[in-house]
Amino acid sequence: MASSSRNNKQYDVFVSFRGEETRDNFTSHLYSALCRQNIQTFIDDQLNRGDEISESLVNAIEASAISVIVFSEGYASSRWCLDELVKILECKKEYAQIVIPVFYRVDPSDVRNQTGSFGDSFSKLEERFKENSKKLLTWRNALKEAATLSGFNSLNIRPESELINEAVNHISKRLLDQVFRPNDNKNQLVGVESRVEEIESLLGVQSKDVYALGIWGIGGIGKTTVARATFDKISRYFEGSCFLENDKNAIPGIDLNFRRISHMKVLIVFDDVTCFSQLESLIGSLDWLTPVSRIIITTRNKQVLRNWGVRKIYEMKALEYHHAIELFIRHAFKQNHPDVGYEELSSKVMKYAQGVPLALKVLGCSLHKWEKEVWEGAIDKLQRILHPSILEVLKISYDSLDDKEKNIFLDVACFFQGEDVDLVMKFFNASGFYPEIGMSVLVDKSLIAIDSHKKITIHDLLQELGREIVRQESIDPGNRSRLWHHEDIYEVLTYNTGTKKIEGICLDMSTVKEIRLNLSTFTKMPKLRFLKFYSSSFNGENKCKVSYLQDPRFAEVKYFHWHGYPLKSLPSNLSAEKLVFLKVPYSDIEQLWNGEKHYSNLNQIINATCNKLIAKTPNPTLMPHLNKLVILNLRGSKSLKSLPSGIFNLEFLTKLDLSGCSKLKRLLEISSGNINWLFLRETAIEELPSSIERLLRLGHLDLSDCKRLKSLPSSLFKLKSLGVLNLGGCSNLQRLPECLGQLSSPIILNLAKTNVERIPESIIQLFVLRYLLLSYSERIQSVSLPLARGFLALQSFLGILEDTQRSPHMDHKLAVRWQERGFSMGKVHMVRPGNEIPKWFKFQSARSFVTLEMPPDFFRNSRLQGIAFSAILAFSNRHVDCGRWFSFSFELKVKTTKDCGPHDTELFQSRVNYIESDHLHLGYYLFCEEDFKGFWNCNCIPEAVQFNVFPSLECECCGVKKCGIDLFRFPNSASPMEDPSTCFNYNEEG
């Protein structure tokens, strides 16, 4: 069945009525009310008709989204009315046209059965057409069908004005439903309805204050689409409305009559405003308008909104994946699903477009009807070159920047995605770019963002924009300002083709073979500000080989990172006065510079990673010159036996990484410190000093794989900020301090592969655990966890496996909510030997999945709290490498009632390794507010539960052999209710 849409109909409403009875009263009032709401309405003004309804009338019915039938006493006496009715019901069946009957001073049952005075009218017509029984039967059936439809009865709704008001409001709502309803029409809006609802809520349409709302986001993100949809939905509430599009210089040429609109309730949308002067010249200020008016402004520049005093700003985000794939598929395949064999290619495009509607539409249209080979080539090309149509739209924001702001943007796009904002600000300050202003401008124009962890983020398409701008500087990489692609860098360094144009180089050395640097390589790059030779591989090595550098021109370098730096000292003209970042991990460097003269400038260096610098010469006189040090990374310094005294006293030091310092046996006494992160992984530490309690800001303490660690100080509980305590692999650790339960903040505790025999009850009773990780801690006797009713005490298990999905920085409010309901952890995974699913799991399967049938409102069940799961996982040493790790995940498959297609929601993922015998995996997952919100928005209904192992195990004797699930509800429910799992209709397949 095809679907009707307001977007492709000539009329919103067709009105069928008996002219002699209602033309000058009810129907005329209804028509006027519809027109006042900007509802395009067709009404037949002809007083005289021929024997058949005209072709224009038939076309008008077909061209309408809704037909309203006004049944009056004499309606059935007119053959033309009845022929209209038949045609309307045909359109209802064929085009899904909406039909709304209005029973005007007649009873619906009389219309349905042709009785009463309405039946008398039909009898007169019946007498005239008694020879045409087929025609009469068609009319009778049409009257019967139409009278059964939901409509409005004037006998029940009085006065008449109220009847018209209710009918018009209902029609308006049905028209809006048509706009937003997903269907087969490629022009339908995707992912817009929920955003319009959010904006409508922010606008407070029913409030009596003048509200100006800004819609802000990058180019192509859908600001105009959402603003237009909002305008279409709410404009009927206003006396006047207009949507002003910024078509080049169109907005400045508009003349609004403020004398008129200052006395009206108006809705005005200013689309794509680029500068404050546009608004100022058009409307001046909100003082012109009545308190019930509304203004919507869409812009890429948040400062425009601030300048005009807009306090409410709606930030446009990228489309969610299911909406993004739907939009792309409509344009690429002109249907609601991809062609067979194109699923993986479509996913690659999704990854590239990152939910930006413009990119999805452009790429979808450009790939339509092309073969797979063309798709593959186009996708490969996109990795290097931004599509011109996308470039054109995104570049508008870049072109509005000044030179220093452009430099900041290009540096971020080429080098600083995901980097700490404080470090980058120091770099830009040293470069003379005035980042306090420039970074704010980029954020305001949606070109970059700063996340909650103070990391710089940039949308993939905007990153490609910046890199494409640099690529267009020259066809020769040596004549470009910034180099980041390994092939370009390899060419420039190997053939020594660098020039004074180059300002930055960022090379992942794991992507290239060995490069023999020319002694004069860097003398050709006097403007070099940024040099980063790093390795993304775990055991990476230095690929840029050189035995000597001939007077390198490093005078302007502010950022120097060279993994495995090959020389004994830093380049002599690497200016400590300008240097803000120094990182030379796994290098042979023994001193920063030849001589002492540069030490006085070390207060600008915020990151130093020198394997042998401090290890060989822990010079106390060096510490005062490091008073601005923020991060000290000595990872892998195998010669380091002790730390310089006073290292913890550095005022700004927040992160100290001593991981892999295998000769470090103890820490000095601590008098004070502001360290947040302390990494002691794989050191020879035997015990911590009790004075560690003075690190009051310590949030993350990593002691993993400290094989000599035997005990922890009882003073540990005084670390009020501690959120992560990683003791995994401390094989000599046998007990935990009883006082750990006195920690004041929720904690992640990792005891994997330790010899701890008992977990202090105080930890569990006080609900301070977020996660408890006990992988293969074989000496654990028992753990009593506060689980919901229906759970058994899970004992004699090997451990709770590491959860890699939840961030350690969980929303504290969410943790508190769980705790109040009797749960200390959001999800748990336990393992013990066994090959049978416990009997208390109501729903079991002899496969890796369970198929379910759920009611449509399943996720609106306020009692639902989470899902318990179990699975038998088997390995065979004949088919599986005994030392191999696998990803084990629990997945909820859902469908939606919004035609969004299937969604697989991964609720849990852990790392597991080979275990010789069959083992039972048990666990639960608590739904959080974000889960419920996502499920509600898409009207999700669970279809199945699936357990996965990756890499996949193909043989029958390996993998998930059995599984089971159960549901549980909130404990201490206020009212007695049956088990929520009774809503299951369970289906075991296989």
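All residue numbers refer to positions in the sequence shown, counting from 1. Atoms considered below: every heavy atom in the structure, side chains included; atoms not considered: hydrogens, waters and symmetry mates.
Listed by chain and number, the residues in a side-chain contact (heavy atoms from CB on, under 4.5 Å) with Leu696 amount to none (sequence neighbours excluded). Judged as a salt bridge (charged side-chain N to carboxylate O under 4.0 Å, His left out), and not counting sequence neighbours, Glu405 has no contacts. Among residues two or more places apart in sequence or in another chain, the side-chain contact (heavy atoms from CB on, under 4.5 Å) test is passed with Asn676 by Thr654, Arg697. Qualifying side-chain contact (heavy atoms from CB on, under 4.5 Å) partners for Asp380, counting only residues two or more places apart in sequence or in other chains: none. Asp508 is linked by a side-chain hydrogen bond (donor to acceptor under 3.5 Å, both in side chains) to Ser510, Ser536, counting only residues two or more places apart in sequence or in another chain. Remark: Glu376 pairs with no residue by the salt bridge (charged side-chain N to carboxylate O under 4.0 Å, His left out) rule, at least two apart or across chains. With sequence neighbours excluded, the residues forming a salt bridge (charged side-chain N to carboxylate O under 4.0 Å, His left out) with Arg681 are Asp705, listed by chain and number. Applying the ring pair (Phe, Tyr, Trp, His ring centres under 6.0 Å) criterion to Tyr398, with sequence neighbours excluded, gives Phe409. Among residues two or more places apart in sequence or in another chain, the salt bridge (charged side-chain N to carboxylate O under 4.0 Å, His left out) test is passed with Glu682 by none. The side-chain contact (heavy atoms from CB on, under 4.5 Å) search around Ser431 returns Phe427, Phe433, Arg529, Lys558, not counting sequence neighbours. Partners of Phe415 by ring pair (Phe, Tyr, Trp, His ring centres under 6.0 Å), not counting sequence neighbours, listed by chain and number: Phe530.
One distance of note links SG of Cys706 with CG of Asn726; it measures 9.5 Å at 0.5 Å rounding.
Of the candidates Glu503, Lys501, Glu473, Lys527, Glu473 is the only one forming a side-chain hydrogen bond (donor to acceptor under 3.5 Å, both in side chains) with Ser481.
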Scan the side chains in residues 490-497 for donor-acceptor partners under 3.5 Å anywhere in the protein, sequence neighbours excluded, and list what turns up.
residue	atom	partner	partner atom	Å
Thr494	OG1	Tyr490	O	2.7

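Side-chain rings of Phe581 and Phe560 stay apart, their centers remaining 6.0 Å or farther from each other.
In this structure the side chain of Phe416 never reaches within 4.5 angstrom of the side chain of Ile448, judged on heavy atoms.
Using a cut-off of 4.0 Å between Lys/Arg side-chain N and Asp/Glu carboxylate O, Lys454 and Asp420 are scored as not salt-bridged.
Looking at every heavy atom in both residues, Gln417 comes nearest to Gln463 through CB-NE2, 3.7 Å.
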